[in-house]
Amino acid sequence: MPMGKKDAKNFACKFDREIFEKLEEFCNLSRQNKTSVVERAVQKYLDENLEMMREVAKKL
């Protein structure tokens, strides 16, 4: 069964060529698309760092 459309926003950015090539290799090996891989990586980063940044911002 096809998935429904998700509520999404477009985001464009430039990657260092070496990072992009690693991303492409990972996606090819894992058979995942770049959007899914980057979304999960960003989500993990935010989960690990956002609260700390909020605390730092409160002190400024």
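None of the values given here were measured: they were computed from a predicted structure.
Rounded to the nearest 0.5 Å, atoms CD (E39) and NZ (K34) are 13.5 Å apart. Between atom NZ of residue K9 and atom CG of residue D7 there is a gap of 8.5 Å, rounded to the nearest 0.5 Å.
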Run the side chain to side chain contact (heavy atoms under 4.5 Å, CB included) test on M52 and E55 for me, step by step, so that the C-alpha distance in whole Å, both residues' side-chain angles and the decisive distance to 0.1 Å come before the verdict. CA-CA 5 Å; M52 177 194 56; E55 293 300 319; 5.7 Å; no
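The side-chain heavy atoms of E24 and F15, taken from C-beta on, include no pair separated by under 4.5 Å.
Smallest separation of non-hydrogen atoms from C27 and V37: SG-CG2, 3.8 Å.
Shown are N28, L29, L23; of these, the side-chain contact (heavy atoms from CB on, under 4.5 Å) with E25 is made only by L29.
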